[in-house]
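Here the structure is laid out as C-alpha cells; the discussion comes afterwards.
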Amino acid sequence: AAQLYKIIKKSNQSAESLASDYFRSKKYIGSKERKFLSELVFASLRTASLIDYLSDNLSQLHPLQQSDYQKEIFACLSTCIIGNNEHYFNCEHLIQPAFGCSSVHEGIVQTLMQKADISSEAATLWIENVCNLYRQLSLIAEQYADDLNNDIDTFSIICCMPRWIIESLQQSTMNNHSILTLCKSLYKSATVGIRVNSLAISIHTALQIMQQHGIQCRVGQYAPDAIILLERVKLQDFPLYMNGSIEIQDEGSQLISLALNPESDWRILDYCAGAGGKTLHLAAMQQDQGEIISTDIEYSRLRELHFRSEKAQLRSIHLVSMQSKTSKDKKQKTLSYYKEACDAVLVDAPCTGMGTVRRMPMIKWRLEPKHVQKIVEKQSDILQKASEFVKPGGILIYATCSLLKEENGDIVHSFLQQNSDFLPDPLYHAYPQKTIEALEITKTQCDLSLLPSIHGTDGFFVSRMRRNE
C-alpha cells in the first residue's frame with residue numbers, strides 16, 4: 001500500500017489507472033488483499049495532508065531501518081487508525097479476511113513490530129500518539145471554525161484540502177463549519193449510482209432483480225429512476241447492464257437532465273455530451289420520440305455514446321462534429337444548421353471536477369489557481385457559444401461537477417449580465433414532485449448546488465435559464 005501510495009502521489013497519471021497497472025503487475029496479490037490495499041490507498045489519498053502531517057511528526061519516534069517508504073508506511077497506518085476511529089475507512093471487515101488479524105489494532109501493532117523492530121508496548125504507544133495528535137489538530141480546526149484562532153493552515157490539514165481552495169470556499173456563502181463538514185464528507189468513498197432506463201424496465205422491477213442477485217441497493221432519494229448501491233459490485237457482466245436496462249450514473253448527475261424537463265417532441269442540443277450519460281437520460285425522458293443532437297469539443301469522446309445508444313436501441317440521438325463546417329454525408333446536417341433552432345440546450349461544462357474528489361482524490365492535490373482561471377475562461381466561452389443554438393423561448397441549462405463558485409454561480413451571473421435576452425428560469429416547474437419535496441426546491445429557485453455533505457451525491461451545480469420570446 002505504501003509503495004502504491006507513493007507511486008500515485010509522484011505521478012501525473014490518474015490514480016485509478018496507476019492502481020490497475022500496479023495490481024496487474026503483482027499477480028501474486030489475492031483478490032481480498034487487493035480490495036483491502038486499494039481501499040486503503042484511496043482513503044489515504046483522500047486524506048493525504050492529514051496523514052502525511054501525522055507521519056512526518058511521528059515517524060521520528062521509530063524510524064524504519066533501510067526503508068524507501070518510511071513516510072508512506074506510517075501514513076497508511078495512520079489512515080487505518082484515524083479512518084477506523086472516525087468511521088470513514090472502516091477497515092475492520094477488510095483486514096480480517098485479507099490478513100487474518102482479529103482487529104485493526106492487532107494488524108497495526110504487528111506491522112510496526114515487523115517494520116520498525118519495536119515491542120508491542122512501543123507500537124501501542126505509537127498508535128496512542130497518532131490519536132492524540134489527531135485530537136489536537138481537530139480541536140484547533142474546530143476553534144478556527146468558531147473564530148477562536150486564525151490557524152487556517154491547521155484547518156486546511158484537517159479539511160484535507162489545499163489552503164487556496166479553503167479560501168475559495170470561504171468566498172462563497174459557506175461558513176467555516178459548513179466547509180469543515182463538507183471537507184470531512186470527502187474523506188469517505190463515494191456511493192455508486194445507477195440510472196434505470198425507463199424505456200426498458202421499471203425501477204421497481206430493476207430493484208427486485210438486483211436484490212434477487214444478491215446486490216444490496218436502495219431507491220434513490222431525489223431522482224425518480226435512481227438506485228444506489230450499498231456495496232461495490234462489478235456490473236459489467238450483469239444482464240441488466242449488458243442489455244442497456246441500467247446505466248452507472250450518479251444520482252446528482254441525473255438531476256441535471258431532469259432540470260431540463262423536455263417535452264417529447266423537443267429538439268435538444270447536448271453541447272458537451274462526452275460519453276453521453278445525460279444524452280441517454282434525455283432520450284429516455286422523451287420516450288425516444290424527440291431529436292437529440294450530441295456534440296463535444298473532442299469528437300472522439302462521442303464514440304462511447306454511439307455504442308451506448310446502440311445498446312439501448314435509441315434512435316433519437318444524432319452525433320454531430322463541433323468542428324466540421326461541411327458534411328461529407330449530404331443527409332447529415334452540420335452543427336451551424338441548428339443555430340437558434342433548439343428547444344433546449346444542455347451545457348454540462350468541462351470543469352475542475354472538484355465535486356468528484358471522493359472518486360478521484362488527486363484532483364484537489366494537483367489543482368492550482370491558474371488551472372481554475374483557464375477553465376473558467378473556457379466555460380464562459382462554451383456557454384456563450386452554446387446559447388446561440390437556443391431558439392426564442394427555449395431553455396438553456398448550465399451545469400458542472402464542481403464545488404467552486406468561480407465555475408458555477410459566477411459563470412451564470414456573468415453570462416446573464418452580458419446576455420439580456422436570457423433570464424433565470426425556476427427549477428420548480430421542471431423537477432418532478434419527488435425531487436421538489438426531497439430537495440425543498442422553492443418556487444423561485446433557478447439554480448441548485450448539490451453537496452456530498454448534505455445530499456450524499458457527488459458535488460454538482462445546475463442552473464436553468466430561458467431565452468426571451
Below 30° counts as parallel, above 60° as perpendicular, anything between as tilted: where do the rings of [X] and [Y] land?
X: Phe238; Y: His213; value: perpendicular
X: Phe155; Y: Tyr144; value: tilted
X: His455; Y: Tyr222; value: perpendicular

Could you check whether any side-chain heavy atom of [X] comes within less than 4.5 Å of a side-chain heavy atom of [Y], counting everything from C-beta outward?
X: Ile152; Y: Ile166; value: yes
X: Leu186; Y: Arg46; value: no
X: Cys446; Y: Leu427; value: no
X: Pro350; Y: Cys272; value: yes
X: Leu346; Y: Leu269; value: no
X: Ile268; Y: Phe389; value: no
X: Val320; Y: Tyr337; value: no
X: Leu229; Y: Leu235; value: yes

So, [X] and [Y], do they make that salt bridge, N to O below 4.0 Å?
X: Lys391; Y: Asp343; answer: yes
X: Arg359; Y: Asp458; answer: yes
X: Lys378; Y: Asp381; answer: no
X: Asp225; Y: Arg195; answer: no

For residues [X] and [Y], is any side-chain donor paired with an opposing acceptor at under 3.5 Å?
X: Lys278; Y: Ser253; value: yes
X: Ser294; Y: Asp270; value: no
X: Thr352; Y: Glu407; value: yes
X: Glu167; Y: Gln171; value: no
X: Gln289; Y: Ser316; value: no
X: Glu16; Y: Ser20; value: no
X: His429; Y: Asn261; value: no
X: Thr205; Y: Ser202; value: yes
X: Gln13; Y: Asp21; value: no

(message) Would you say the ring centers of Phe415 and Phe422 fall short of 6.0 Å from each other?
(response)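 They qualify: ring centres under 6.0 Å apart.
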(request) Evaluate the criterion side-chain contact (heavy atoms from CB on, under 4.5 Å) for residue pair Asp288 and Arg315; output intermediate values, then yes/no. (result) CA-CA 7 Å; Asp288 202 27; Arg315 298 291 173 262; 3.9 Å; yes
(request) For the pair Ser25 (side chain) and Tyr22 (backbone), establish whether a donor and an acceptor sit closer than 3.5 Å, ignoring hydrogens and angles. (result)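 At least one qualifying donor-acceptor pair exists.
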(request) Hey, could you give me the CG/SG distance between Leu180 and Cys159, rounded to the nearest 0.5 Å? (result)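 If we round to the nearest 0.5 Å, Leu180:CG and Cys159:SG are 5.0 Å apart.
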(message) Quick check for you: to the nearest 0.5 Å, what is the distance between Ser138 atom OG and Glu142 atom CD?
(response)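 Separation between the atoms: 7.5 Å.
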(message) Could you check whether Lys188 makes a cation-pi contact with Tyr88, meaning its NZ or CZ is under 6.0 Å from the centre of the six-membered ring and within 45° of the ring axis?
(response)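 No cation-pi geometry.
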(message) Distance to the ring centre below 6.0 angstrom and angle to the axis at most 45 degrees; does that hold for Lys311 and Tyr241?
(response)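 Cation-pi check for Lys311 and Tyr241: passes.
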(request) Grab the two heavy atoms, one from Ala226 and one from Ile203, that are nearest each other, plus how far apart they are. (result)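 Closest pair (atom of Ala226, atom of Ile203, distance): O-CD1, 3.4 Å.
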(message) Does Gln170 form a side-chain hydrogen bond (donor to acceptor under 3.5 Å, both in side chains) with Asn175? I'd like the steps, not just the answer.
(response) CA-CA 7 Å; Gln170 289 173 331; Asn175 60 38; over 6 Å; no
